[in-house]
Every structure is written in C-alpha cells, then in structure tokens.
Chemist: 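Take a look at the following structure, please.
This is a predicted model, so every value here is computed, not measured. FYI, side chains are in, hydrogens and waters are out, and symmetry mates aren't considered; it's all heavy atoms of this structure.
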Amino acid sequence: MSKILIIEDSEGVVLSLSVAFKAAGHEPVVARDGVAGFELAKSERPDLIVLDLFLPQMDGFKVLEFLRHERSTEKIPVVVFSALSQEADLDQAKRLGATDYIVKANMSINDAIKRILEHLPKNKK
C-alpha cells in the first residue's frame, strides 16, 4: 500500500482524490495548507505527493521549492494538480522539480487519478 499526500484546500477535490486513492488500495494523507503539507511530507515520507498551487499559508510553488531542497523529500514524485493553466505556471512548476502538471479543468477526475498513479514508484503500484 502506497501513502499519497494530498496538499489541497478544496474539500471537494480532497474527497474525490481520497476516495479514489483508497479504492485503488492506497493510503491518502491530507494537508489543507502549504505549511502543513511540507511538514507532513517530512514526517510521513509519502510515496507520492499531489500538490495544489493555490494554498493558504504557503503557495504550492514555495512548497515544491522546499520539498526539493529538503533531503528527506527531494526524491518524492510531486504531481501538481491545479486550476492554473498558464504556460508560465507549468514552466515554473517543472523548473522547481514537479514530476507532472495536471490542469484540473482539462481532465476528468478518473483520468487525473490514473495519470497521478502512474507516478508512483514501480514497487508501490
């Protein structure tokens, strides 16, 4: 069973992702803001992180930057799952070390789940 950290403040998105990950046999862990997400990433050592960019306390870009500079989290795959669809946002996320970038409006939740789970380490799928 993989542990997937969801750093997201939208209740509906958290619920959709959590239910889908549980149904696929994974353990979702949830943080509602950037600071809590970064702290949970360090303490829980998830196998994968799903990261929104619009977050209270600390935005997703800063969280991503911190994750990549922290020895204990630097190698964890991070899938950005955001409403931001500008090329500049995608480029910045990739530059900061995002594994993938999914625009929420461009994909059904089921397709997004499949794509997110593709980034789990091979021995955790």
Chemist: What distance separates Y101 OH from E87 CD, expressed to the nearest 0.5 Å?
Modeler: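 Rounded to the nearest 0.5 Å, the OH-CD separation comes to 9.5 Å.
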Chemist: Scan residues 7-25 for pairs that pass side chain to side chain donor-acceptor pair (under 3.5 Å), counting only residues two or more places apart or in two chains.
Modeler: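 Non-adjacent pairs meeting side chain to side chain donor-acceptor pair (under 3.5 Å): E8-K104, E11-R32.
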Chemist: Would F81 end up clustered with M107 when hydrophobic side chains under 4.5 Å apart are linked, directly or stepwise?
Modeler: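 As far as the 4.5 Å side-chain criterion goes, M107 and F81 are connected within one cluster.
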Chemist: Cluster question for you: counting only ILVMFWY and a side-chain heavy-atom cut-off of under 4.5 Å, with indirect links fine, are I76 and L120 together?
Modeler: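 Hydrophobic grouping puts I76 apart from L120.
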Chemist: Using every non-hydrogen atom in the two residues, find where S72 and K42 come nearest and quote the distance to one decimal.
Modeler: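 Closest approach of S72 to K42, heavy atoms only: OG-CG, 4.0 Å.
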Chemist: Taking the side chain as every heavy atom from C-beta outward, state whether E118 and D100 have any pair of such atoms under 4.5 Å apart.
Modeler: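 The answer is no; the side chains never approach within 4.5 Å.
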Chemist: Does any non-hydrogen side-chain atom of F38 lie less than 4.5 Å from one of I7?
Modeler: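 Side-chain contact under 4.5 Å: no.
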Chemist: Taking the side chain as every heavy atom from C-beta outward, state whether V79 and I102 have any atom pair closer than 4.5 Å.
Modeler: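 Answer yes - side chains close enough.
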Chemist: Any side-chain heavy atom of F66 within less than 4.5 Å of one from T73?
Modeler: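 Answer no - side chains too far apart.
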Chemist: About how many Å separate CD of Q92 and CD of E65, when rounded to the nearest 0.5 Å?
Modeler: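 Nearest 0.5 Å value for the CD-CD distance: 8.5 Å.
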Chemist: Could you tell me which non-hydrogen atom of A93 sits nearest to which non-hydrogen atom of V80, and how far apart they are?
Modeler: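 Smallest heavy-atom distance, with atoms named: CB-CG2, 4.2 Å.
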Chemist: If hydrophobic clusters are built by linking Ile, Leu, Val, Met, Phe, Trp and Tyr wherever their side-chain heavy atoms come under 4.5 Å apart, do L5 and L64 end up in the same one?
Modeler: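 Yes.
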Chemist: Is it the case that atom CD in E74 sees more than 12 heavy atoms from other parts of the structure closer than 6.0 Å?
Modeler: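 Yes, enclosed.
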Chemist: Could you see if V50 belongs to whatever hydrophobic cluster contains L53? Use Ile, Leu, Val, Met, Phe, Trp, Tyr and a side-chain cutoff under 4.5 Å.
Modeler: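 No, V50 does not connect to L53 through the hydrophobic network.
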Chemist: My understanding is that only residues two or more places apart in sequence, or in another chain, count here; which of them pass salt bridge (charged side-chain N to carboxylate O under 4.0 Å, His left out) with R45?
Modeler: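 With sequence neighbours excluded, R45 shows a salt bridge (charged side-chain N to carboxylate O under 4.0 Å, His left out) to no residue whatsoever.
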Chemist: Which residues pass the salt bridge (charged side-chain N to carboxylate O under 4.0 Å, His left out) test with D91, not counting sequence neighbours?
Modeler: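 For D91 there are no salt bridge (charged side-chain N to carboxylate O under 4.0 Å, His left out) partners, ignoring immediate neighbours.
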Chemist: Indicate the atoms forming the closest heavy-atom contact of P121 with D47, along with that distance.
Modeler: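 Heavy atoms of P121 and D47 come nearest at CD-O, 3.5 Å.
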Chemist: Are side-chain heavy atoms of H26 and L117 found at a separation under 4.5 Å?
Modeler: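 A side-chain contact under 4.5 Å exists here.
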Chemist: Got a second to check how far K62's NZ is from L96's CG, nearest 0.5 Å?
Modeler: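 With rounding to 0.5 Å, NZ (K62) is 9.0 Å from CG (L96).
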Chemist: Just how far is it from atom CZ of R115 to atom CG of N110, taken to the nearest 0.5 Å?
Modeler: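 R115 CZ to N110 CG: 14.5 Å, rounded to 0.5 Å.
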Chemist: Going from NZ on K75 to CG on L67, what distance comes out if it is rounded to the nearest 0.5 angstrom?
Modeler: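 Going from the NZ atom of K75 to the CG atom of L67 covers 13.5 Å.
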Chemist: Does a side-chain heavy-atom distance below 4.5 Å link V13 with D52?
Modeler: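 The answer is no; the side chains never approach within 4.5 Å.
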Chemist: Kindly give the heavy-atom pair with the smallest separation between A31 and A36, and that separation in Å.
Modeler: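 What the structure gives for the nearest pair is CB-C, 3.8 Å.
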Chemist: Test your reading of the model: is there a side-chain donor-acceptor pair from R68 to the backbone of A98, 3.5 Å cut-off?
Modeler: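 No, the answer is negative, given that no donor and acceptor are paired below the 3.5 Å cut-off.
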Chemist: Count I, L, V, M, F, W, Y as connected when their side-chain heavy atoms are under 4.5 Å apart, and connections chain through other members. Are V63 and L90 then in the same cluster?
Modeler: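 Yes; tracing contacts between hydrophobic side chains, which count when under 4.5 Å, links both residues.
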Chemist: Which residue is it: I116, V29, V78? I am looking for the one with a side-chain contact (heavy atoms from CB on, under 4.5 Å) to I49.
Modeler: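 Single pass found, and it is V78.
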Chemist: Between CG of L17 and CD1 of I6, what distance do you get to the nearest 0.5 Å?
Modeler: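 Nearest 0.5 Å value for the CG-CD1 distance: 5.0 Å.
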Chemist: For a quick test of reading the model, state the closest non-hydrogen atom pair linking V103 to L84 and the distance between them.
Modeler: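 It is CG2-O, 3.7 Å.
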